[in-house]
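Some notes on the structure that comes next.
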There are 2 protein chains.
Amino acid sequence: MPLDVSTQVKDPERVRLRREQIVQASVRLFTEKGFHKTTTREIAKASGLSNGALYEYVQSKEDVLYLVCRHIHREVRNRLASTLTEPGSAAKRLRHALCRFGELVLSMQDEILLIYQESKSLPRLYLHEVLSEEQQVVAVFEQLLREGLADQSILVEEKDIPVLAENAVVMGQMLAFRRWAWKQKSTESVLNTQVNAFLASVHSTTD
Amino acid sequence: MPLDVSTQVKDPERVRLRREQIVQASVRLFTEKGFHKTTTREIAKASGLSNGALYEYVQSKEDVLYLVCRHIHREVRNRLASTLTEPGSAAKRLRHALCRFGELVLSMQDEILLIYQESKSLPRLYLHEVLSEEQQVVAVFEQLLREGLADQSILVEEKDIPVLAENAVVMGQMLAFRRWAWKQKSTESVLNTQVNAFLASVHSTTD
DNA sequence: TGATAATGAGCGGGCGCTCAGTCGGAGGTG
DNA sequence: CACCTCCGACTGAGCGCCCGCTCATTATCA
């Protein structure tokens, strides 16, 4: 249940359109310079709006950050959900989901990094919402792990599952926020290492 | 080779002392409100100095952030180094180092989080230095993994070691930067899960 | 008494945000 | 059709504030 961001403009379609411009421009600016060093004037200009018009669609600079985070999470969730329709054993599906999640992270490196670095600047309410959206991603892997436990294709203790699911997500996200550390390696080979490491950590039995 | 931060004050002992005050106060402030929302006036006041005096020991606000990061890394490195004197097989020493690193992270949660969230605000030169200090921590685990490979107490491919060492560090740091995700669990039990998960991921043979 | 350290009011500038005013077009009227 | 009215969207100069940093001045010592 995403939070509402209030606006002065009546036409909802126009709001959608303008906010799309705002988000698109802001992702670029925040990625390049960070949230704090980007001015609202820059946001307005890059969105093709005047200073005043920007504030017709948003009540504060933090609103913009929230719109950006929500947009990114929405895309992650949509793309992740589309990978869960595969058949096969839980371990197979887990591997598949890990690979896809990794590719997803790689193709959205800047955006993932952005959320990691800037979400702490969100007001409390917005922050909670963003974190709970993140937990929905974690929940996907929790679910897969539980199914693996059920069909015995992975071997872990039930009580460890929340932590292990978190590991799956973070190990994927590392492809974005630690990319500087292995610049000489190909990204696919790192992804492969990560997937295998995670599967080994849950004693998956299909390698 | 830590970078010099320039000062107007001649007496080195006095510089050391005052900067200790500055770092101590800043760690608290940055932890509570973040780097950007902390003003230099607050830093000066909390350090027991005047606005002007602060700038006798530092040339910019970013200098303060660098001093803070350097201080934290120094403590991490010192405490980690003191855990490496144990005897035994590589796998045993690896497990030991992971546990100690985890405890270290738990006891410095705020500081670790601080580096994660704020180091991106450092000027390029400082940032590189901080990142390379981080790599020294990673190098400790690389070393242990290589020794494990040599005495066959772990089973991985040489080419994966850099990535796996990075995993070890990040899985430890998760205790700090994902603490909100498992608030109901005891920290020791999470630590245990993490250590076991990592050892399994490198097929360690001493469990 | 001279060098060094500390003071704190204040400068310059930039920032988030506002608001009096303009524009344009949908709709009403004769 | 010409004309007028009205209202929602948009403009951009500018307000008020605060922040990083400085420097003329004062205090403190050897």
Side-chain angles (χ1 to χ4, degrees), chain A residues 5-26 29-30 32-69 118 120-126, chain B residues 5-26 29-30 32-69 118 120-126:
Chain A
V5 176
S6 70
T7 176
Q8 331 262 29
V9 175
K10 317 263 167 120
D11 177 6
E13 180 53 26
R14 188 164 270 257
V15 172
R16 214 190 48 74
L17 182 79
R18 292 280 187 253
R19 285 188 175 167
E20 209 170 277
Q21 298 172 232
I22 294 170
V23 165
Q24 198 150 338
S26 300
L29 289 170
F30 293 169
E32 282 169 7
K33 339 177 39 189
F35 174 69
H36 284 288
K37 289 189 180 164
T38 303
T39 68
T40 54
R41 275 166 247 259
E42 289 174 301
I43 295 171
K45 189 168 201 175
S47 311
L49 300 175
S50 64
N51 289 335
L54 175 63
Y55 278 87
E56 300 271 328
Y57 296 95
V58 123
Q59 283 211 313
S60 69
K61 197 184 169 190
E62 279 75 22
D63 278 1
V64 176
L65 182 56
Y66 174 62
L67 288 177
V68 165
C69 290
E118 308 295 0
K120 69 162 200 309
S121 302
L122 288 167
R124 263 191 163 53
L125 210 65
Y126 285 158
Chain B
V5 176
S6 70
T7 175
Q8 333 262 28
V9 176
K10 317 266 169 115
D11 177 5
E13 180 53 28
R14 188 165 271 257
V15 173
R16 216 191 45 75
L17 182 78
R18 292 281 188 253
R19 285 186 175 170
E20 210 169 275
Q21 301 171 232
I22 294 169
V23 165
Q24 197 148 341
S26 300
L29 289 169
F30 293 169
E32 284 169 5
K33 337 178 37 187
F35 174 68
H36 284 288
K37 290 189 180 166
T38 303
T39 67
T40 55
R41 275 164 246 258
E42 288 174 302
I43 294 172
K45 188 168 202 177
S47 311
L49 300 175
S50 64
N51 289 335
L54 174 64
Y55 278 87
E56 301 269 328
Y57 295 95
V58 122
Q59 283 210 312
S60 68
K61 196 185 170 191
E62 280 75 23
D63 278 1
V64 177
L65 182 56
Y66 175 62
L67 288 177
V68 164
C69 289
E118 309 294 359
K120 71 163 199 309
S121 302
L122 288 166
R124 262 192 164 52
L125 210 66
Y126 284 158

Atom CD of A:Gln59 and atom C1' of C:dC17 are separated, to the nearest Å, by 11 Å

Under a 4.0 Å heavy-atom cutoff, the residues of residues 34-46 of chain B touching DNA chain D are B:Thr38, B:Thr39, B:Thr40, B:Arg41

What residues, two or more places apart in sequence or in another chain, satisfy side-chain contact (heavy atoms from CB on, under 4.5 Å) together with B:Lys120? A:Gln117, A:Glu118, A:Lys120

Listed partners of A:Lys37 passing salt bridge (charged side-chain N to carboxylate O under 4.0 Å, His left out), at least two apart: none

Distance in angstrom units between B:Leu54 CG and D:dC21 C1', rounded: 10 Å

Could you pull out all residues at least two apart from B:Lys33 that satisfy side-chain hydrogen bond (donor to acceptor under 3.5 Å, both in side chains)? B:Glu42

Regarding A:Asp63 and A:Tyr126, is there a side-chain donor-to-acceptor distance under 3.5 Å anywhere? yes

Please list, for nucleotides 3-6 of chain C, all pairs of protein and nucleotide N/O atoms separated by less than 3.5 Å.
residue: C:dA5; atom: OP1; partner: B:Lys10; partner atom: N; Å: 3.3
residue: C:dA5; atom: OP1; partner: B:Asp11; partner atom: N; Å: 3.4
residue: C:dA5; atom: OP2; partner: B:Lys10; partner atom: N; Å: 3.2
residue: C:dA5; atom: O3'; partner: B:Arg14; partner atom: NH1; Å: 3.0
residue: C:dA6; atom: OP1; partner: B:Arg14; partner atom: NH1; Å: 2.8
residue: C:dA6; atom: OP1; partner: B:Arg18; partner atom: NE; Å: 3.1
residue: C:dA6; atom: OP1; partner: B:Arg18; partner atom: NH2; Å: 2.6
residue: C:dA6; atom: OP2; partner: B:Tyr57; partner atom: OH; Å: 2.5

Separation of atom CD in B:Glu13 from atom C1' in D:dC29, rounded to whole Å: 17 Å

A:Gln24: what forms a side-chain hydrogen bond (donor to acceptor under 3.5 Å, both in side chains) with it, not counting sequence neighbours? none

In whole angstrom, give the distance that lies between atom NZ of B:Lys61 and atom C1' of D:dC18. 12 Å

Nearest whole angstrom, please: distance from the P of C:dG16 to the CG of A:Asp63. 14 Å

What donor-acceptor contacts under 3.5 angstrom involve side-chain atoms of residues 6-13 of chain A, with partners at least two apart or in another chain?
residue: A:Ser6; atom: OG; partner: A:Gln59; partner atom: OE1; Å: 3.2
residue: A:Thr7; atom: OG1; partner: A:Val9; partner atom: N; Å: 3.1
residue: A:Thr7; atom: OG1; partner: A:Glu56; partner atom: O; Å: 2.7
residue: A:Asp11; atom: OD1; partner: A:Glu13; partner atom: N; Å: 3.0
residue: A:Glu13; atom: OE1; partner: A:Arg16; partner atom: NE; Å: 3.4
residue: A:Glu13; atom: OE2; partner: A:Arg16; partner atom: NH2; Å: 3.0

Sequence neighbours excluded, the answer for side-chain hydrogen bond (donor to acceptor under 3.5 Å, both in side chains) partners of B:Tyr66 is none

Name the atoms and distances for all side-chain donor-acceptor pairs under 3.5 Å in residues 47-55 of chain B, with sequence neighbours left out.
residue: B:Ser47; atom: OG; partner: B:Ile43; partner atom: O; Å: 2.6
residue: B:Ser50; atom: OG; partner: B:Ala53; partner atom: N; Å: 3.2

Rounded distance in Å - CG (A:Leu65) to P (C:dG16): 13 Å

